[in-house]
Amino acid sequence: MPHDSAPGGMTALITGAGSGIGQALAVEASRRGLGLVLVGRRRPLLDATKALLRPGTRCLVLPADVTLSQDREALVNAVRDHAGGLDFLVNNAGLVWAGALSAMDDHTLTALVSTNLMAPLALTRDFLPLLSAAAGRVVNIGSLLGDIPYPLFAGYCASKYGLRGLSDALRRELRCQGVGVTYAAPRGARTPATEVLEPLLALLDMPTDPPAAIAKRIWAAALAGADTAYPAGPERLFVLLQRLFPRLVDAAVRRQLRRGPLDALMPPPAPQPGRRAGPRVDCLPLV
């Protein structure tokens, strides 16, 4: 299958399509000729994404919370009734928290795992009949932090490690059903939502990329039937070092952490009505 376009009539469902990488994935999919189902929690953001699509793009906007079983059931019914089938399920919706594990309550940890891991697992299960009928593909949007774990991102790293393992397991399980799986591990996306973490990312030498560049790489891999999509550059070497010589990575991270006081780099938490102020921790919804 060519990298620059998709066969006519193909449809992709993208979760977290209202902003960031999800919005860029939708715009790039539209450019390549795919019809779209845009999913996210906030209708105005999804409508804004729809307005960016190539004129004439088939598009269905479905506000939903993918962590809720009733919303997932409604998505399956709507796609079956209105789109007729599904060629790509793009599990992009995600949350990232930066902060010490000791500062994270059960609500935070549950939200991370529910959105980043349980929702892709359940959505893949629920859409499997449609994907199998179309010999489709699951595209799971992970992170380089699912390969190279960093301090202050423990919960996020754990959820993305899980998503990477899920992708490998599903690829082997679903091959006999004609369904492929692509796991994408981008660097951080350069968006207004991530600006608050820039001092911490700079301390840890964690570069970011424009969402449009990330989306191009992911769709090129998915349309080519690739198993994975990683950024070009030194990160590929770092992933290999992490797997073969993790203590070298440990030493490098320790040197990075000596550069400055971490607490001063952590942004203050957003006020939450009815909840006591806790230790400094930042929550960035990326959906």
Side-chain angles (χ1 to χ4, degrees), residues 1-66 70-94 119-120 122-141 174 177-182 184 211-226 229 286-287:
M1 191 177 298
H3 287 214
D4 59 345
S5 63
M10 297 186 79
T11 300
L13 183 151
I14 302 174
T15 67
S19 62
I21 295 176
Q23 184 179 81
L25 285 167
V27 171
E28 181 65 18
S30 171
R31 187 185 73 81
R32 292 171 182 258
L34 280 83
L36 288 164
V37 181
L38 305 181
V39 176
R41 291 179 297 178
R42 289 164 285 185
R43 177 76 190 229
L45 294 181
L46 297 176
D47 288 338
T49 296
K50 182 179 180 180
L52 298 174
L53 303 181
R54 187 182 68 173
T57 298
R58 293 179 294 108
C59 182
L60 180 64
V61 173
L62 296 176
D65 182 342
V66 294
Q70 62 268 29
D71 282 19
R72 293 193 300 269
E73 181 179 1
L75 286 176
V76 173
N77 291 334
V79 171
R80 182 187 296 114
D81 294 342
H82 297 286
L86 188 64
D87 300 280
F88 293 95
L89 170 62
V90 183
N91 289 310
N92 167 75
L123 277 171
T124 301
R125 176 200 62 196
D126 296 345
F127 276 105
L128 192 54
L130 290 178
L131 289 167
S132 182
R137 177 163 293 269
V138 179
V139 183
N140 288 329
I141 311 303
L174 301 182
Q177 300 180 46
V179 177
V181 179
T182 297
I214 294 172
K216 287 180 184 294
R217 184 180 299 115
I218 291 172
W219 275 120
L223 288 168
L286 298 185
V287 294

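Numbers here are sequence positions counted from 1.
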Distance-minimising heavy-atom pair for [X] and [Y]:
X    : Y    : value
G85  : V79  : O-CG1, 3.8 Å
A24  : A212 : CB-N, 3.9 Å
G16  : N92  : O-ND2, 3.2 Å
D87  : A134 : OD1-CB, 3.6 Å
I218 : A184 : CG1-CB, 3.7 Å

Applying side chain to side chain contact (heavy atoms under 4.5 Å, CB included), name anything that partners [X], two or more places apart in sequence or on another chain.
X    : answer
L75  : V39, L62, A64, V66, L123, F127
A226 : A221
A29  : L34, L36, W219

With sequence neighbours left out, write down each residue that passes side-chain hydrogen bond (donor to acceptor under 3.5 Å, both in side chains) with D71, or none if nothing qualifies.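 Checked D71 against side-chain hydrogen bond (donor to acceptor under 3.5 Å, both in side chains); zero matches.
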The criterion is side-chain hydrogen bond (donor to acceptor under 3.5 Å, both in side chains); which residues satisfy it with R80, sequence neighbours excluded?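 Here the qualifying residues are N77.
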Stepwise side chain to side chain contact (heavy atoms under 4.5 Å, CB included) check, T15 with I141: CA-CA 10 Å; T15 67; I141 311 303; over 6 Å; no
Keeping to residues at least two apart or across chains, list the salt bridge (Lys or Arg N to Asp or Glu O under 4.0 Å) pairs with something in residues 126-137.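 Of all non-adjacent pairs touching residues 126-137, those that pass salt bridge (Lys or Arg N to Asp or Glu O under 4.0 Å) are R72-D126.
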How long is the straight-line distance from [atom2] of [Y] back to [atom1] of [X], given to the nearest 0.5 Å?
X    : Y    : atom1 : atom2 : result
T11  : L89  : OG1   : CG    : 12.5 Å
L38  : T57  : CG    : OG1   : 9.5 Å
N91  : T182 : CG    : OG1   : 12.0 Å
T124 : L131 : OG1   : CG    : 7.5 Å

Residue pair F88, I14: steps toward the side chain to side chain contact (heavy atoms under 4.5 Å, CB included) verdict: CA-CA 8 Å; F88 293 95; I14 302 174; over 6 Å; no
Side-chain donor-acceptor pairs under 3.5 Å in residues 46-54, sequence neighbours left out?
from : atom 1 : to  : atom 2 : distance (Å)
D47  : OD1    : R43 : NE     : 3.1
D47  : OD2    : R43 : NE     : 3.4
T49  : OG1    : A17 : O      : 2.7
T49  : OG1    : Q23 : NE2    : 3.1
T49  : OG1    : L45 : O      : 3.3

